[in-house]
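Read the structure below first, then the notes.
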Amino acid sequence: MFNSLDAVLDNALSTGQIIGAVSAVFRNGEKIYSGKAGFAHKAKNIPISDDSVFRLFSLTKPVTAVASMIAMDMGLICPDDPVSKFFPEFSQLSYVNENNEIVPCDVQIKLSHLLNMTSGIPYPDNWGVSVCAMGRLFDEIIEGQDCGKELTTEEICRKTASVPLLYKPGEQWSYGFSADIMGGIIEKASGMKYSDFLKKYIFVPLGMNDTDFYVPADKLHRFTALYGWNSNGLEENHDRHLGLTDYLKPPAFESGGAGLVSTINDYSKFACMLANKGVFNGIRIISENAFAYLSTPKLDDTQRSYLWERLVGYNYGCFMRIMESPEISLNRTFKGEMGWDGWTGTFFAVDPVNNIAFLYFTQICGGGTTPQAEEMCRIVYKNI
């Protein structure tokens, strides 16, 4: 198995599909495979390593899901709580109806809608009334950053309430800004800055010393370059995405949906905790009840029909895919496998039934679930 995994990495590097990538497999908390190929920064000739610091993008979302479970365990929040309990601006919402009209919404967004991406809150883009409205908000966020007037996490949450929803909460599934709102709610409910909450209840207990919303100066030599595709293949990309900054200092906006950086060593601890049903090195991070909620599929048949085609066989809940029908899935994993991917090609899958964790990290704009991650995951499950 290990030679086959190494071959995937080596082939991806030699054919120019990656600049660098690192992978790891754990069984019962023990590392049984570690592989790497290429560079963290090609121009500077810095090889990639287990300690290379990656932009997690949407691999931030499962961390926010676990933070939500901790807040539930603490009695700070409940899935049935309306978002307006924490941000009153959400008490009067609008949505885009079937006639493409912005009309008042008579359904409140609950925290469960956020956790399951059924809130109707979009990501920014250039199509549709709702999505374009979110795009204008992100333009405001970026303009503030450029002129030294950064909006905070809570300020952005409040402004999001003015964006018309894609649909009434609960009607559909759509990928969007929900995890960022959830991070703001945890901050509001706990009375702690979101990064401080994550450090106290997740990062410190797990020993995740290289995970944060920025990269300190003494770790910048380990920070991977970001690459993007163009006519010449993969070249360095210096654009800012989703309202995130350059990671050189603590940001005002701590994005619970995309803002974290981490190493595969750090994130492996988080993944192994999930594979062991909320426990890591004898320390319980979330309760048994909270883990059961986290790992249970949440979408009904109508909502599930809106999942992306590549997620066939999966359901969804708490910012993660959850395998329901492995016999029809493109990823031949086991029932109950869950995880997610990041826009830059960071990927993880955990199997709480068999206590398996698989991770694959690269740094390519628009990477998502890469062919290499899918192939290596299939190899792992074929041989374990």
Ring geometry between Phe348 and Phe270 (parallel below 30°, tilted from 30 to 60°, perpendicular above 60°): tilted
With under 30° as parallel and over 60° as perpendicular, where do the rings of Tyr247 and Phe223 fit, or are they tilted in between? perpendicular
Is the Phe177-Phe138 ring centre distance short of 6.0 angstrom? yes
Assess the pair Tyr316 and Trp340: is the distance between their ring centroids shorter than 6.0 Å? yes
Would you call the rings of His241 and Trp343 parallel, tilted or perpendicular, taking 30° and 60° as the class edges? tilted
Quick one, Gln372 and Asn11 - any side-chain contact, counting heavy atoms below 4.5 Å? no
Count the heavy atoms of every other residue, nucleotide or ligand shown that sit under 6.0 Å from CG of Asn230, and state whether that count exceeds 12. yes
Closest non-hydrogen atom pair between Leu165 and Cys105, with its separation: CD1-SG, 4.4 Å
Would you say the side-chain atoms of Thr263 pair up with the backbone N or O of Asp266, donor to acceptor, closer than 3.5 Å? yes
For Arg304, is there an ion pair with Glu324 - N to carboxylate O distance below 4.0 angstrom? yes
One thing to verify: whether Asp212 and Lys219 come together as a salt bridge, which I'm taking to mean a side-chain N less than 4.0 angstrom from a carboxylate O. no
Atom CD of residue position Glu101 - does it have more than 12 heavy atoms of other residues, nucleotides or ligands inside 6.0 Å? yes
